[in-house]
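Remarks on the structure that follows.
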Amino acid sequence: MSEFDAIVIGAGNGGLTAAAALQRGGAKTLLLERHNIPGGCATSFVRGEFEFEVALHQLSGLGTEDKPFIMRKVFNELGVMDKVEFVQEGELYRMIVVDEFDITLPASWSGIRNTLIENFPQEEEGVVGFMELCEQVTMESFMGLPQARKMNSEKMLNTNCKNYVKYGLRDAKSVLDEFFDDEQIKTLLAAYWCYLGMPPKDCNFCDLAVMLYAYGVFKPWHIKGGSQALSSALLESFLEAGGEVRFNCSVDAITTDQSGEKPKVTGVVTENGDSISCSQIISNASSVVTFGDLLDTPVLPSGISQDFKSRDLGTSAFCLYLGIDCTPEKLGIKNASTFISNTMDEELMHDTMSTMNPPVATMLTCYNVDDPSFAPPGKSQLSLLCLQYGSVWEDVPVEDYAETKYHFAEHLIEQAEQVFPGIRDHIEEVEVATPLTMMRYLNTPGGAIYGFQQNPEDGPLHRERYDQVSGLHLAGSWQGMGGFQPTYMVGVSTAKAVLKKVRQNKTTQESEAEVANV
Amino acid sequence: MSNSISNSNNTSAKNAGNAKTNILENIVGYSEGVERKRAREKTGSDFSQEKWKTSNDIAKLHPKRLQLKVAEVIQDTPSTKTFRLVSTGAILPPFQAGQYINLYVNINGVETARPYAISSCPTHRADPENGYYDLTVKLVDGGFVTNYLLHNVEVGQQFSATSPMGTFYHNPLFHGDKLVFLAGGSGGAPARAMIESVLNRGLKIDFHLIYGNSYENDVIFEDTFRELAEKHDNFHLTEVISRPTEGYSGRTGHLNAELITDVIGSVEGKTFYVCGPTPFNEFCEDQLTSLGVQGKHIRIECNGPPKTPSCLENWPSVVSEQDEVRVKVQGKGEFIAKVGEPLLNSLERNGYTVENACRSGECSLCRVKVIEGEVFNPPEARLRKSDETFGWTHSCVAFPTTDIEILY
């Protein structure tokens with residue numbers, strides 16, 4: 001008999017939701033986490049009087065109480081809806097391209113339409129058509145497409161998903177070019193590519209469309225107390241249901257029985273040398289670490305190797321966490337999310353991410369705009385973030401690391417100060433996170449924050465779920481999309497699949513026991 | 001297969017290329033994606049050339065543990081020794097001058113640890129043969145660990161430690177280039193690292209050390225500081241003795257506002273580092289505040305749990321530090337603890353191992369969840385907001401004021 005029905009490796013978003021769903025679903029579950037705190041990305045740290053939000057910029061998928069969307073149901077099922085408080089943001093984002101435009105998109109579908117038409121009257125027809133398309137593609141990708149695939153019906157696909165068929169897998173840039181002439185509106189509407197990590201030329205239109213529509217209709221949200229509050233709530237729910245957790249306990253190996261055709265999970269070995277048996281493992285670690293480092297098979301299972309060969313590591317990020325001794329208004333910051341750019345050329349932005357050159361695009365987030373409790377009275381916390389690939393930092397000699405990171409941080413402050421002068425004089429606390437910091441805390445190759453690169457051929461239609469090792473499942477950003485909503489959801493869906501297996505096993509064992517008794 | 005999504009995913013991928021059954025080929029761009037994916041499979045890497053690359057890369061900067069050996073013991077003053085530690089494993093990781101390591105010790109069977117600031121300059125760490133960290137330890141009256149280190153440790157002895165940590169260092173993003181370090185006693189240790197780091201790197205920083213000590217014959221790094229001040233125009237030293245012998249001609253007294261003003265003039269545009277015993281730190285902070293220095297320009301090194309928590313605000317009046325309570329560790333056992341002893345210390349005394357580093361409430365490595373009962377959290381405890389909601393505490397500075405049950 002195994003000690004646990006299931007072991008979850010890693011208490012990130014995918015691991016926490018998986019563990020809570022498993023334990024609440026009746027599976028005896030052990031959650032193992034290398035760090036001292038649950039959350040992975042969804043965490044916080046304290047400096048002076050500030051508790052800094054590490055990673056959550058805008059939570060999607062929640063919807064309002066009147067118009068709820070899927071994440072309310074998910075959080076409800078996980079038992080955390082009454083443990084956390086969500087704060088709605090008033091705007092999608094303000095985008096400032098220096099010397100070009102400064103436009104704020106409200107968190108309202110009709111409001112976005114009006115703002116766009118007001119600023120780009122000559123593009124009215126394009127605006128109406130484009131937004132209609134975003135809505136249709138989103139609906140089809142959630143409803144018609146899964147149905148058509150389930151039935152394997154070409155007719156259903158062509159009838160119920162005609163917009164998706166025509167536009168879903170095209171690159172976002174070509175679709176923007178089709179609807180608009182003005183470069184400014186294209187840049188404005190493509191701003192969310194930074195949540196995917198690939199520029200419009202290299203990402204699927206459907207991913208951009210879904211984000212615009214979902215944030216516009218279901219609003220962007222924060223969590224009171226930061227994403228750490230939700231991570232801690234998920235852990236609490238897991239513990240309440242009888243789950244067992246070990247912190248400061250990394251996994252050194254996933255052990256398998258290799259006598260059959262397919263390796264079969266038998267348990268894990270922890271950093272302390274403890275062997276713990278189970279037949280189901282959900283790994284919230286990256287696929288590269290899970291299969292490459294932890295799995296005890298002598299070589300990578302061939303299907304995994306083939307998949308990995310067609311992948312590239314996704315982007316990491318460089319982030320400054322600033323505790324400021326004044327209110328956001330004093331600095332002129334009016335929105336939670338401001339995208340600041342010195343160019344409208346997204347490919348230049350993306351190319352810069354592979355270098356130590358000063359970033360040409362920075363995301364400024366100020367959580368205090370919608371929630372003053374994010375800092376002591378009269379103060380505020382800001383984060384300045386640019387996407388950057390980890391490989392450039394892996395080449396920095398360790399003795400130059402601190403100097404290099406401060407030097408690079410200066411660039412971000414300078415870029416933000418073009419728009420909000422005076423930030424530097426108000427700094428009360430600052431912490432710098434480089435891609436290597438992401439690597440340290442997430443244990444992902446290259447410090448990747450969204451998993452593998454999300455090229456058009458890396459989406460769910462082109463990729464299989466790994467099933468090369470019996471009993472080993474991934475939950476996180478490495479088999480799907482990165483970001484909060486996708487990783488919370490994949491944890492739950494993976495747990496549901498595992499619960500079925502656990503129940504099957506139990507039934508089999510019970511009937512075997514009955515047979516033995518007879 | 002486990003669910004419909006993976007079923008259909010499988011169908012699509014396995015049938016890719018078979019136009020009759022794969023409906024996805026109807027989607028514009030789908031087949032091109034399949035082709036691109038195939039092309040990448042031929043040229044890409046499966047990341048298997050270097051196993052554990054991520055862990056190894058992280059370990060160059062932040063190994064979880066250092067394996068150290070005492071290469072030299074230097075008697076600095078009657079009360080103080082410097083332990084020169086070399087690595088018996090990988091090259092010592094870099095650090096920012098002012099940071100500490102947490103040194104693990106086993107004293108009469110008790111596994112515990114204490115954080116000590118690295119007193120040597122970061123440039124001394126890198127040599128693969130002779131790279132070292134210096135830890136400079138001053139005897140604390142009745143100190144469990146300092147007594148052990150000063151009286152029992154010899155060359156050749158081995159220790160493990162955390163990698164360098166802490167937030168007490170010069171941050172060029174907002175500390176500026178006029179730095180004043182107010183050091184008391186053992187505070188000279190991180191001060192030496194910071195000063196040598198500035199001078200060795202030739203930084204354009206003006207650094208003033210105001211160094212307070214009780215006795216003239218017990219000033220750590222006295223000669224080093226004097227030589228450096230002699231040699232470098234941008235380093236200034238002011239020594240202050242609070243209990244001088246008769247005939248002592250230097251500055252005497254405490255690091256009060258008057259003395260600070262006299263020595264450095266205006267406080268404008270300067271960043272102050274304060275490191276010494278807790279009463280020294282509190283005194284200096286008051287003095288600087290009275291001079292109009294804003295909190296953000298005063299950086300104070302944390303310094304262990306409060307010695308007398310019962311004197312602090314919100315301490316439950318019905319409980320005394322000498323009272324005893326029962327501590328139950330879920331799934332592991334239970335023991336009796338003194339209310340006035342930090343929970344981490346009583347856990348260690350009773351054979352429980354809890355990860356820890358700063359032992360001052362700051363780093364959060366020693367988090368435990370209080371399932372039943374109450375603990376007192378002093379202001380040193382830098383808890384997250386949600387910790388209070390869900391009962392997590394930092395055991396290094398938490399005092400159990402009732403019987404408790406914890407989980408970690």
Side-chain angles (χ1 to χ4, degrees), chain A residues 36-37 44 46-47 51 148-150 152-154 157-158 164-166 168-170 225 228-229 232 236 247-248 288-289 292-293 300 305-306 308-311 325 394 398-399 401-402 406 409-410 424 427-428 430 436 439-440 443-445 456-457 460-465 467 496-497 500-501, chain B residues 1-6 8-13 21 23-24 26-30 33-34 36-38 40-42 44-48 51-55 57-58 60-62 93-94 96 122 126 167 171-174 295-296 355 364-365 367 382-387 389-390 392 407-408:
Chain A
N36 61 324
I37 188 156
S44 67
V46 176
R47 292 286 181 274
E51 180 178 344
R149 294 182 71 196
K150 200 171 176 181
N152 202 31
S153 159
E154 197 170 323
L157 185 78
N158 289 325
Y164 195 99
V165 165
K166 194 169 167 199
L169 295 186
R170 276 174 56 184
Q228 181 65 63
S232 297
E236 187 74 9
F247 289 107
N248 297 300
V288 175
V289 166
D293 297 342
L300 276 179
S305 173
Q306 189 188 3
F308 282 6
K309 280 179 183 164
S310 67
R311 299 282 202 173
D325 70 358
E394 288 170 23
V398 290
E399 41 276 339
Y401 174 65
Y406 293 124
E410 292 282 354
R424 188 191 303 271
I427 297 177
E428 192 167 302
V430 59
L436 297 182
M439 190 193 281
R440 177 185 180 190
N443 201 33
T444 55
E457 64 271 25
L461 299 193
H462 286 98
R463 298 285 171 176
E464 296 173 59
R465 285 176 75 92
D467 66 345
K496 283 185 177 161
K500 276 190 199 161
K501 305 230 175 204
Chain B
M1 288 306 300
S2 52
N3 61 34
S4 60
I5 293 175
S6 36
S8 46
N9 266 342
N10 247 8
T11 312
S12 65
T21 54
I23 62 162
L24 296 177
N26 289 283
I27 301 174
V28 174
Y30 176 80
V34 172
R36 278 195 305 273
K37 190 178 129 194
R38 282 197 187 132
R40 286 167 75 190
E41 280 167 6
K42 290 189 186 114
S45 131
D46 66 2
F47 306 97
S48 63
K51 231 183 165 182
W52 298 104
K53 181 180 186 318
T54 306
S55 303
D57 283 350
I58 298 162
K60 286 179 206 156
L61 280 168
H62 298 289
Q96 298 187 68
T167 56
N171 185 325
L173 295 175
F174 73 117
K296 65 179 174 181
E355 187 72 16
S364 95
L365 282 181
R367 296 173 88 238
R382 301 285 191 196
L383 297 175
R384 295 159 169 101
K385 287 195 187 92
S386 51
D387 286 342
T389 318
F390 299 113
W392 290 84
L407 166 79
Y408 73 87

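Lettering follows sequence order; numbering is per chain, from 1.
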**Q.** Pick from B/P93, B/P172, B/S48, B/G29 with the largest number of heavy-atom pairs that fall under 4.5 Å of chain A
**A.** B/P172
(Q) Closer than 3.5 angstrom, by distance alone: can the side chain of B/D46 be matched with the main-chain N or O of A/K309 as a donor-acceptor pair? (A) no
Q: Select, from B/N171, B/L407, B/D387, the one with the greatest count of heavy-atom pairs under 4.5 Å involving chain A.
A: B/N171
Q. How long is the span from the OG1 atom in B/T54 to the CD atom in A/E394, to the nearest 0.5 Å?
A. 8.0 Å
Q: Answer with yes or no whether the side chains of A/E457 and B/Y30 bring together a donor and an acceptor at under 3.5 Å.
A: no
Q. Which pair of non-hydrogen atoms, one from B/F47 and one from A/V288, has the smallest distance, and what is that distance?
A. CB-CG1, 3.9 Å
Q) For chain B, which of A/N248, A/L436, A/N158 has the most heavy-atom pairs under 4.5 Å? A) A/N248
(Q) Just checking B/K385: does its NZ atom have more than 12 heavy atoms from other residues, nucleotides or ligands closer to it than 6.0 angstrom? (A) yes
Q) For A/V430, is it the side chain, the backbone, both or neither that has a heavy atom under 4.5 Å from a heavy atom of chain B? A) both
Q) A/F247 vs B/W392 aromatic rings, parallel, tilted or perpendicular, using cut-offs 30° and 60°? A) perpendicular
Q | Side chain, backbone, both or neither of B/F390 within contact of chain A (heavy atoms, under 4.5 Å) | A | both
Q | Residue part contacting chain A, namely of B/L383, when any heavy atom lies under 4.5 Å | A | backbone
(Q) Distance check, rounded to the nearest 0.5 Å: B/E41 atom CD versus A/F308 atom CZ? (A) 13.0 Å
Q. Does the side chain of A/N443 reach to within under 4.5 Å of the side chain of B/I58, using non-hydrogen atoms?
A. yes
Q: Against chain B, label A/A229 side chain, backbone, both or neither, depending on which of its atoms sit under 4.5 Å from a heavy atom there.
A: both
Q: Side-chain contact test, heavy atoms from C-beta onward, threshold under 4.5 Å: evaluate it for B/L61 versus A/R440 and give yes or no.
A: no
Q.
Side chains of A/P456 and B/R36, heavy atoms from C-beta outward: is any pair under 4.5 Å?
A. yes
Q) B/K42, B/K60, B/Q96: which one forms the most heavy-atom pairs within less than 4.5 Å of chain A? A) B/Q96
(Q) With heavy-atom distances below 4.5 Å as the criterion, would you say the side chains of B/T389 and A/E236 are in contact? (A) no
Q. Hey, is the main chain of A/H462 close enough, under 3.5 Å, to the side chain of B/K37 for a donor-acceptor pair?
A. yes
(Q) Which residues pass the side chain to side chain donor-acceptor pair (under 3.5 Å) test with A/S232, not counting sequence neighbours? (A) A/Q228
Q | Approximate separation, where rounding is to 0.5 Å, of B/N26 CG and A/E154 CD | A | 4.0 Å
Q) For the candidates A/L157, A/L300, A/I37, A/D325, which exhibits the highest count of non-hydrogen atom pairs separated by less than 4.5 Å from chain B? A) A/I37
Q. Among all residues two or more places apart in sequence or in another chain, which pass the side chain to side chain donor-acceptor pair (under 3.5 Å) test with A/S44?
A. A/E51, B/R384
Q) By a 4.5 Å heavy-atom criterion (distance strictly below it), what part of A/Y401 contacts chain B: side chain, backbone, both, or neither? A) side chain
Q: Could you check which of A/R424, A/E399, A/E428 has the highest count of heavy-atom pairs closer than 4.5 Å to chain B?
A: A/E428
**Q.** B/S364 versus chain A, the contacting section by heavy-atom distance below 4.5 Å
**A.** both
Q.
Just verifying a value: how many Å separate B/D57 CG and A/M439 CE, rounded to the nearest 0.5 Å?
A. 5.0 Å
